[in-house]
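Written out below as structure tokens is the structure these notes cover.
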Amino acid sequence: MTTLTHAGDTLTRNALAVLQPGFDGTATVPDWVRHRIDEGLASVSLFGRNVRTAEQVAALTAQLRAHRDDLLIAIDEESGDVTRLEVRTGSSYPGNHALGAVDDTTLTREVAADLGRRLAACGINFNWAPSADVNANPDNPVIGVRSFGSDPDLVARHTAAYVEGMQSSGVATSAKHFPGHGDTAIDSHHSVPVIDVDRDVLNSRDLAPFRAALAAGTRAVMSAHVLAPALDPDNPGTLSRRILTGLLREEFGYEGLIVTDGMDMQAIAGTYGFERGCVLAIAAGADAICTGGGPSDEGTVLRLRDAFVAAVRSGELSEERLADAADRVRALADWASVSGAAERSGGAPDTGIGLIAARRALTVTRGENYAAPVTEAPFVATFSPLPNIAVGDETPWGVTAELERRLLGTESATYSGDGSGTQALAAAGTRRIVAVVRDAHRHAWMADALRTLVAARPDTVVVEMGVPQSAPVGALHIATRGAARVCGEAAAEVIVAG
């Protein structure tokens with residue numbers, strides 16, 4: 001049943017203010033978005049579907065800002081494997097795992113600041129990053145190279161450096177996914193993961209990077225759709241008053257914005273229902289609702305607006321809680337509109353820091369069969385797992401494009417599943433093989449393919465673009481710790497140079 005609302009009343013304005021919806025289009029802001037901004041919408045979010053070029057994004061955000069100068073414009077730009085701004089080319093910056101491997105906090109700070117300047121030049125002032133998750137489970141299907149690593153102290157210091165660097169560019173950060181998504185074997189895009197460890201482990205491991213992010217001044221924290229029974233045996237983080245209000249607000253003393261992870265993810269929408277999950281999140285202590293990754297239409301915004309209004313009128317959600325959440329959104333928008341103004345007008349010069357970082361992150365292992373670099377056009381066999389939803393399937397990855405630029409006549413093919421190694425051998429013929437994998441330790445078929453190739457062709461070059469958990473194999477093994485475009489470029493440099 002639709003709840004009757006009045007566009008000008010405070011309750012309706014607050015209900016719209018807590019939403020961070022997406023929309024379709026790259027050239028023109030839809031009329032419905034403009035109308036909802038007039039009625040109180042304080043944030044919008046951009047995704048890969050809104051991006052063609054940096055110049056196009058800047059023109060799109062200029063339209064939004066002309067309508068409301070203090071609008072929060074958010075994006076999920078982690079760099080590395082998860083990129084929206086460079087969704088069609090691959091990122092110019094390596095991701096967290098590469099930066100953690102280098103373990104130079106000055107470099108992490110510089111990379112984050114450079115990315116922040118690029119976002120600000122595009123008119124974006126709120127980034128749903130960095131991932132502050134400790135990758136405690138090597139089989140984690142959704143975090144992996146998005147994490148700085150498995151050591152809590154390392155993750156904490158790089159999370160802090162990232163926050164400091166990006167916010168120095170006037171772009172607000174959002175440390176995620178609170179209270180931690182690293183020790184999971186399930187992707188919360190599909191169902192509710194459980195982190196079944198005691199409070200002492202959570203304190204010393206999962207929560208340490210978030211305390212560092214708060215100390216560094218992060219303007220936002222993103223909640224996780226994970227169940228941590230030691231903190232709340234009944235509700236996942238996003239819907240838990242114990243976690244969002246009791247732990248984050250009261251125990252940690254955090255006063256900034258709490259934004260949810262995508263509420264259309266099945267951990268919430270499939271378990272509690274989309275509209276009801278959003279109401280429960282605000283009641284638990286969240287301030288902003290991320291909704292735009294999937295649904296991106298006006299009807300979604302109106303349904304959620306009406307759900308909040310109905311929940312207040314029924315007594316399920318207090319009007320004061322909704323108003324407090326809306327005020328926190330507006331406060332962040334005020335900060336971002338002032339802090340990001342100089343960067344928006346100044347542009348973003350290309351410093352090349354991303355490639356520098358990617359080169360430093362490489363681990364190169366030369367096996368006993370290594371004889372020479374690849375100097376003639378090779379055959380690139382890319383062994384591709386199913387992409388997780390956070391990464392998506394639009395962004396190219398691998399080393400093929402970079403090797404084609406250097407070695408004219410390079411050929412390639414992509415494989416998946418049992419028998420892939422045999423197929424690649426047959427296609428390669430007599431050409432030197434470059435095998436590209438992603439998290440070979442998590443995929444038995446992929447590990448089998450590598451064994452098949454190396455046994456038959458000991459001069460095979462192997463490039464691991466995920467978490468390098470398996471022992472190096474091949475004549476030349478290169479671990480990039482991520483699949484960003486610059487990671488492929490750095491790997492290709494080593495392949496042709498030796």
Side-chain angles (χ1 to χ4, degrees), residues 18-22 42-47 71-80 82-85 95-96 108 112-113 115-116 119-120 124-133 142-143 146-148 155-156 158-182 188 206-207 209-226 237-238 243-244 248-249 252 254-263 265 281-282 285-293 325 328-337 339-340 390:
V18 301
L19 299 177
Q20 297 194 334
S43 311
V44 296
S45 48
L46 302 182
F47 292 87
L71 192 70
L72 266 182
I73 302 177
I75 197 167
D76 188 11
E77 181 57 54
E78 297 178 15
S79 72
V82 179
T83 179
R84 311 302 179 216
L85 198 59
N96 286 2
T108 296
L115 175 57
L119 291 173
I124 297 163
N125 54 16
F126 185 24
N127 190 13
W128 293 324
S131 168
D133 302 303
V142 67
I143 302 300
R146 300 167 67 195
S147 167
F148 288 111
V155 176
H158 285 277
T159 297
Y162 188 105
V163 167
E164 292 164 356
M166 180 152 290
Q167 292 193 162
S168 73
S169 300
V171 175
T173 57
S174 181
K176 63 185 184 185
H177 308 79
F178 188 83
H181 203 319
S188 55
D206 302 85
L207 295 174
F210 292 99
R211 288 193 293 267
L214 301 192
T218 188
R219 293 281 167 172
V221 172
M222 177 178 279
S223 66
H225 307 330
V226 301
T238 295
I243 291 173
L244 298 187
L248 186 52
R249 289 275 185 235
F252 286 4
Y254 177 63
E255 292 295 332
L257 185 84
I258 300 175
V259 60
T260 70
D261 205 348
M263 295 300 285
M265 294 163 62
I282 295 294
D287 306 305
I289 300 293
C290 172
T291 65
R328 290 182 191 275
V329 174
R330 296 181 190 116
L332 181 58
D334 288 343
W335 177 87
S337 67
S339 299

Residues 161-171 vs salt bridge (charged side-chain N to carboxylate O under 4.0 Å, His left out), sequence neighbours excluded, gives Arg109-Glu164
Interatomic distance, OG@Ser169 vs CD1@Ile124, rounded to 0.5 Å, equals 13.0 Å
Check your understanding: How about Leu207 and Phe178: do any of their side-chain heavy atoms sit closer than 4.5 Å?
Key -> yes
Residue set satisfying side-chain hydrogen bond (donor to acceptor under 3.5 Å, both in side chains) with Asp206, at least two apart, ordered chain then number -> none
Q | 4.5 Å side-chain heavy-atom contact, Met222 and Val259 | A | yes
Main chain of Ala220, side chain of Tyr254: is a donor-acceptor contact present, judged purely on distance under 3.5 Å? yes
Sorted by chain and residue number, the ring pair (Phe, Tyr, Trp, His ring centres under 6.0 Å) partners of Tyr162 (sequence neighbours excluded) come out as none
d(Arg84 CZ, Ser45 OG) to nearest 0.5 Å is 11.0 Å
Check: Are Leu214 and Val221 side-chain neighbours, meaning at least one heavy-atom pair lies under 4.5 Å?
Finding: yes
CG (Asn125) and CH2 (Trp335) are apart, to the nearest 0.5 Å, by 8.5 Å
Any His181 side-chain heavy atom under 4.5 Å of Lys176 side chain:
no
d(Leu119 CG, Leu85 CG) to nearest 0.5 Å is 6.0 Å
Those residues at least two apart in sequence (or on a different chain) that pass side-chain hydrogen bond (donor to acceptor under 3.5 Å, both in side chains) with Asp133 are Ser131, His177
Close side-chain approach of Leu257 and Arg219, heavy atoms under 4.5 Å
no
*Using a 4.5 Å cut-off on heavy atoms from C-beta on, say whether the side chain of Asn127 contacts that of Ile75.*
yes
How are the rings of Trp128 and Phe47 set relative to one another: parallel (under 30°), tilted (30 to 60°) or perpendicular (over 60°)? tilted
With sequence neighbours left out, the residues meeting side chain to side chain contact (heavy atoms under 4.5 Å, CB included) with Thr83 are Glu77, Glu86, Ser91, Thr395
Minimal heavy-atom distance between Ile258 and Gly285, with the atoms involved, is CD1-O, 3.6 Å
Donor-acceptor pair, side chain of Arg328 and main chain of Ala286, under 3.5 angstrom: no
The side-chain hydrogen bond (donor to acceptor under 3.5 Å, both in side chains) partner of His225 among Asp261, Thr260, Thr238 is Thr238
Sequence neighbours excluded, the answer for side chain to side chain contact (heavy atoms under 4.5 Å, CB included) partners of Ser43 is Gln20, Leu72, Val329
